[in-house]
J.: 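The structure is given below, and queries will be raised subsequently.
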Amino acid sequence: TQEQIETMVAQVTGDKILPAPVLKQIVTKTDGIPLFVEELTRMVLESGLLREGGRRFELIGPLPPLAIPATLQDWLMARLDRLAPVKEVAQLAAAIGREFSYELINAVDLVEERTLRQGLAQLASAGLLQPQTGAGSRSVTYAFKHALIQEAAYQSLLKSRRQQYHQRIAQTLVERFYDTACEQPELLAHHYTEAGLYDTAIAYWQWAGPSCRPAPGRPGSS
């Protein structure tokens, strides 16, 4: 409803009032889709069309029509493209899954740690990721705020890069997180499948079962 949209807009703006023409366009363009409401409001705040004055925003010039891409996928891709410096962090995270730990994404070692920390912080600040537990520590876990955000980041990867990421993630799980891999052999199977390593993937699919036995690829196993 319009009232619910206005409440969501206020949450994004920190309860600062938008000009009536801006709010009207947001209500009209988003068609009541919550993710559209959040993202279009954020885009307006980042667009340079407004200036902050006390408890409200003011237009600094004529208001152009607010353009929403034809599909939500396009919209999310545009959002990621505006965060180009940290897009690689989002792509790597998306390859791991909807939820992931800082410990794992850092251990994969495809992004320099300082860049990784800054990227995760920026993605969280932009509202694309949400810290789940242990914020500020190595035990922190993150989740993409919406599954479609993860999908958009994942689909932006070239196939060769995607396979490289999955192979590295699988290797890291085997070498550094074997307890997790042992408890979830289907997770290894998924990553090896997406990496195009089908023989190894099949072995892990076969090993996925009610009991945990040494799976193929475990360091030191025979």
Side-chain angles (χ1 to χ4, degrees), residues 5 8-9 11-14 18 22-23 25-52 57 59-100 102 104-106 108-132 142-169 194-195:
I5 293 172
M8 290 188 66
V9 169
Q11 290 173 342
V12 176
T13 65
L18 290 178
V22 176
L23 185 58
Q25 279 210 44
I26 291 174
V27 171
T28 302
K29 296 276 189 179
T30 58
D31 197 29
I33 299 172
L35 182 56
F36 269 47
V37 174
E38 292 181 359
E39 293 299 314
L40 188 56
T41 303
R42 291 182 191 278
M43 190 197 77
V44 170
L45 294 178
E46 297 171 0
S47 67
L49 294 171
L50 306 173
R51 69 167 164 259
E52 201 170 337
F57 289 97
L59 281 166
I60 60 176
L63 176 64
L66 301 179
I68 292 184
T71 67
L72 180 56
Q73 186 79 358
D74 289 342
W75 173 249
L76 293 169
M77 283 303 305
R79 178 85 177 141
L80 287 168
D81 287 342
R82 291 201 299 275
L83 295 169
V86 297
K87 187 175 179 181
E88 183 181 6
V89 175
Q91 291 171 324
L92 176 57
I96 294 174
R98 174 77 184 274
E99 296 186 11
F100 60 94
Y102 175 83
L104 174 56
I105 195 172
N106 185 47
V108 170
D109 199 25
L110 290 174
V111 179
E112 193 270 332
E113 185 169 9
R114 181 178 178 184
T115 302
L116 177 63
R117 285 184 176 277
Q118 292 174 343
L120 292 172
Q122 189 171 342
L123 290 167
S125 177
L128 301 182
L129 289 180
Q130 291 179 317
Q132 299 293 293
Y142 294 87
F144 283 91
K145 190 170 184 180
H146 299 275
L148 287 174
I149 295 174
Q150 178 203 357
E151 181 66 15
Y154 185 74
Q155 292 300 327
S156 69
L157 279 165
L158 294 175
K159 183 178 180 180
S160 59
R161 189 73 164 170
R162 190 182 303 172
Q163 290 180 325
Q164 177 191 354
Y165 280 2
H166 281 293
Q167 183 175 355
R168 181 60 186 159
I169 293 163
E194 296 303 318

J.: Are any of the side-chain heavy atoms of L128 and L76 separated by less than 4.5 Å?
T.: no
J.: Classify the ring geometry of Y154 against H166: parallel below 30°, tilted from 30° to 60°, perpendicular beyond 60°.
T.: perpendicular
J.: For the OH atom of Y142 and the CD atom of Q130, what is their distance to the nearest 0.5 Å?
T.: 12.0 Å
J.: For R51, enumerate each residue passing the salt bridge (charged side-chain N to carboxylate O under 4.0 Å, His left out) test, keeping only those at least two apart in sequence or located in another chain.
T.: E58
J.: At what distance, to the nearest 0.5 angstrom, does OG1 of T41 lie from CD of Q11?
T.: 10.5 Å
J.: Kindly write out the residues that satisfy salt bridge (charged side-chain N to carboxylate O under 4.0 Å, His left out) with R82, not counting sequence neighbours, or none if the list is empty.
T.: E46
J.: Atom CZ in F36, atom CE in M8: separation rounded to 0.5 Å?
T.: 12.5 Å
J.: Is there a donor-acceptor contact under 3.5 Å from the side chain of R98 to the main chain of F144?
T.: yes
J.: Taking the side chain as every heavy atom from C-beta outward, state whether L50 and L59 have any pair of such atoms under 4.5 Å apart.
T.: yes
J.: Looking only at side-chain N and O atoms, does Q155 offer a donor or acceptor that is under 3.5 Å from a partner on E151?
T.: yes
J.: Taking NZ, NE, NH1 and NH2 as the nitrogens, is one of them in E113 or R117 under 4.0 Å from a carboxylate oxygen of the other?
T.: yes
J.: State, with a plain yes or no, whether a side-chain heavy atom of M43 is found less than 4.5 Å away from one of L40.
T.: yes
J.: If you compare all heavy atoms of P64 against all heavy atoms of L49, which two are closest, and at what distance to 0.1 Å?
T.: CD-CD2, 3.9 Å
J.: Using 0.5 Å steps for rounding, measure from the CG atom of L120 to the CG atom of N106.
T.: 9.5 Å
J.: With heavy-atom distances below 4.5 Å as the criterion, would you say the side chains of K87 and M77 are in contact?
T.: yes
J.: If I compare all heavy atoms of L80 with all of I149, which pair ends up nearest, and what's the gap?
T.: CD1-O, 4.5 Å
J.: Taking all non-hydrogen atoms of both residues, which atom of Q25 and which atom of L63 are closest, and how far apart?
T.: NE2-CD2, 3.4 Å
J.: With the side chain counted from C-beta on, respond yes when L92 and L116 share a heavy-atom pair under 4.5 Å apart, and no when they do not.
T.: no
J.: Might you point out which heavy atoms bring V108 and R168 nearest each other, and give the distance in Å?
T.: O-NE, 2.8 Å
J.: Testing the basics here: between I5 and G32, what is the closest heavy-atom pair and its distance to 0.1 Å?
T.: CD1-CA, 3.9 Å
J.: Distance-only, no hydrogens or angles: does the S125 side chain make a donor-acceptor pair with backbone N or O of A121 under 3.5 Å?
T.: no
J.: Is any side-chain N of the basic residue among R79 and E38 closer than 4.0 Å to the acidic one's carboxylate O?
T.: no
J.: Are any of the side-chain heavy atoms of Q164 and Q167 separated by less than 4.5 Å?
T.: no
J.: Does any N or O in the side chain of E99 come within less than 3.5 Å of the main-chain N or O of G97, such that one atom is a donor and the other an acceptor?
T.: no
J.: Could you report the tightest heavy-atom contact between G119 and V86, atom names first, then the distance?
T.: CA-CG1, 3.4 Å
J.: So L18 and I26, do their side chains get closer than 4.5 Å, heavy atoms only?
T.: yes
